[in-house]
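Worksheet for the structure shown next.
Being a predicted model, the structure only gives us computed values, none of them experimental.
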Amino acid sequence: MTEPTTDSCTPSLGPTPATVIHPRRVPFEHGLLPIPRLIFSDPTQTLTSLKNKLLELSSNNRVDSAAISESLQISVEQARLVLETLVSVLPSESESDSVDVHDLVLFLYIQSYKRLLPRTHKDSAAVADVWPSTSAFDGYLSALTPLQLVRSNSKRFTPSQGDEEAHQLSYLQKHLANIVSLLAEPVEGESEESLVLTMDRFEHLGFLFHYGDKGLEGNSLSQSSPFFANSDPNMPAVPAPASQVHDWLLQNIASALGRIAERTSSKENGPVSASDQDVAMTDASTTSVKVSTSARGASIIEGISKSSYAKHASDIKGSSVKVLNCHESAIYILAPLRYATIYGCSDATIVIGAVGKAVRVEHCERVHVIVTAKRICIANCRECVFFLGVNQQPLIVGDNHKLQVAPYNTFYSQLEEHMNEVGVLPTVNRWDEPIALGMVDPHDSLSHPAGVSDAQAESASRVDPDQFTNFVIPNWLGESTGSTEDNPFTLPESYMASQQRNENNLVEIRQLLREAPLEESRKRELSSALHVYFKDWLYVSYNIPWYLFL
């Protein structure tokens, strides 16, 4: 029997020198599902019993969607969604058809998390410059539910990165004893209170925490701890007492929260330095644009207004991108990514290259999103159109209105290279199979009117094939070093036929122009007039915005 660590060889339990503990933000940003049966009033007791049941059904501690469905008493479709969501937020690559029981238990535990409320914008005049004050949708407001009306009038701005991290750390701090107990196991021959964590069980805490000044994931959590850092890889590691693991994590969380508070205080009392690792989110306005890389590895693009903006793979630091509060703009992020978030944007077209884990689009209005990805979640959006090349079913949650989906409709020279790099398959596109869950998200901190908790989110309709058009990424973006020369996804037959008709019509018009008995100057005038009418048609019938013609 392997004995637990004794007091005589207790490691130093103070905060680890030269490193800082951080919450893994991905599970909180991309891993929460509004499925009521995943949220438990007594999570520790319920999940302990559930863990034991899952282990009985498991093979090498791994379970598939059938076992998840049976254990949680949810549909097979929802169980598959749970499995796919969990796989998308794990810190390392995993099999796509099964997950480790202990990762699943931690995933289910954090379904009780409540997101930090969006902050109010401090400069309402600046917001008025970029946030549309009127909309074609406004005529419908009188028919909306109270929940829709409240949200339609909200100006939402994301909390700072530091605020979100502190909120997540505080949640983990409050629930740490329960989390550790779910991973711990009793020592053979001793009382049930003598719980320990083996190195393998300890590593599962890496689902929720990671270490490092720059917050880079991938380092083994056990090697950052005093319990297993010097373990002989050829010998079984001595388990660590659960109480010591708990106390060590608490000290490190308290230290991290203290650093965040000091950094926040220094920013409030002085100018924000460009070298700050965690730059506060810049307010959106026509004159204030922020493009930065945070300490946690996310490139943040915020406040783009009435312009075109592009980023290539060489411009992106880290593996994730956040596009926040951008309005009346065309934004191109032509890069391979793990995660992407689009939040609070309006009247914009946003093209994102290839996303290997997950995309989340939230609180957007009249936005066109063009993306290839493993999966996408759409929450609380209205009048948006999504041109998708996705390997899993799109997830639609929250309070949505007039959403449309269509097959992927563009390409750039390095697209297939980027897709291959992050694992997006061009042979699978489930763009037209959206899953709509509940209208009310139990993970937000807003109060909800009675009677809407069980309502299903409004799903998305398909774009009419006759309204489908290819999107051409402008040549001025450059970087034509790749081999992609066409859309890597095969269009459905009806969309292909419509596209062919449009191309034939264009050929006929060009032929008629060439053969028209007109002087060259009149031909040029006619061509210009046709171009103007074509732009008007795009805007009226398909809402292609004016800024794409700049």
Is there a side-chain contact between H167 and Y171 (heavy atoms, below 4.5 Å)?
no
So the ring pair (Phe, Tyr, Trp, His ring centres under 6.0 Å) pairs with at least one residue in residues 64-108 (sequence neighbours excluded) are H102-H204
Keeping the roles fixed (side chain from S299, backbone from K317), state whether a donor-acceptor pair exists under 3.5 Å.
yes
Of all the heavy-atom pairs spanning I304 and I331, show the shortest one and how long it is.
CB-CD1, 4.2 Å
Keeping to residues at least two apart or across chains, list the ring pair (Phe, Tyr, Trp, His ring centres under 6.0 Å) pairs with something in residues 39-82.
none
By ring-ring contact (aromatic ring centres under 6.0 Å, His included) - contacts of F209 (at least two apart):
none
Donor-acceptor pair, side chain of Y339 and main chain of S88, under 3.5 angstrom
yes
With a 3.5 Å cut-off and sequence neighbours excluded, list the donor-acceptor pairs that the side chains of residues 28-37 form with protein atoms.
unit_1, atom_1, unit_2, atom_2, d
E29, OE2, R25, NE, 3.3
E29, OE2, R25, NH2, 3.4
E29, OE2, K322, NZ, 2.9
R37, NE, L72, O, 3.3
R37, NE, Q73, O, 3.1

Hey, can you pull the donor-acceptor pairs under 3.5 Å for the side chains in residues 416-423, sequence neighbours left out?
unit_1, atom_1, unit_2, atom_2, d
E416, OE1, T484, OG1, 2.9
H418, ND1, Y412, OH, 2.8

Taking salt bridge (Lys or Arg N to Asp or Glu O under 4.0 Å) as the test, write out the residues that go with E433, two or more places apart.
R430
For the pair R24 and E165, find out whether any cationic side-chain nitrogen is under 4.0 Å from an anionic carboxylate oxygen.
no
For F207, all residues meeting ring-ring contact (aromatic ring centres under 6.0 Å, His included), sequence neighbours excluded:
none
Of all residues at least two apart in sequence or in a different chain, which pass the ring-ring contact (aromatic ring centres under 6.0 Å, His included) check with H246?
none
Is the number of heavy atoms from other residues, nucleotides or ligands under 6.0 Å of E185 CD greater than 12?
yes
State which residues pass ring-ring contact (aromatic ring centres under 6.0 Å, His included) with Y408; sequence neighbours excluded, sorted by chain then number.
F489
Roughly how far apart are C381 SG and H363 NE2, rounded to 0.5 Å?
8.0 Å
Looking at P426 and P488, what are the two nearest heavy atoms and their distance?
CB-O, 3.6 Å
Check whether any side-chain heavy atom of V245 lies under 4.5 Å from a side-chain heavy atom of F202, and answer yes or no.
yes
For V405 and A460, work out which heavy atoms get closest and say how close.
CG1-CB, 3.9 Å
If the condition is salt bridge (Lys or Arg N to Asp or Glu O under 4.0 Å), which residues does E56 pass it with, not counting sequence neighbours?
none
Would you mind listing every side-chain hydrogen bond (donor to acceptor under 3.5 Å, both in side chains) that reaches into residues 62-71, with sequence neighbours excluded?
R62-S94, R62-S98
Looking at residues at least two apart in the chain, or sitting in another chain, which of them share a side-chain hydrogen bond (donor to acceptor under 3.5 Å, both in side chains) with E84?
none
CG (N60) with more than 12 external heavy atoms under 6.0 Å:
no
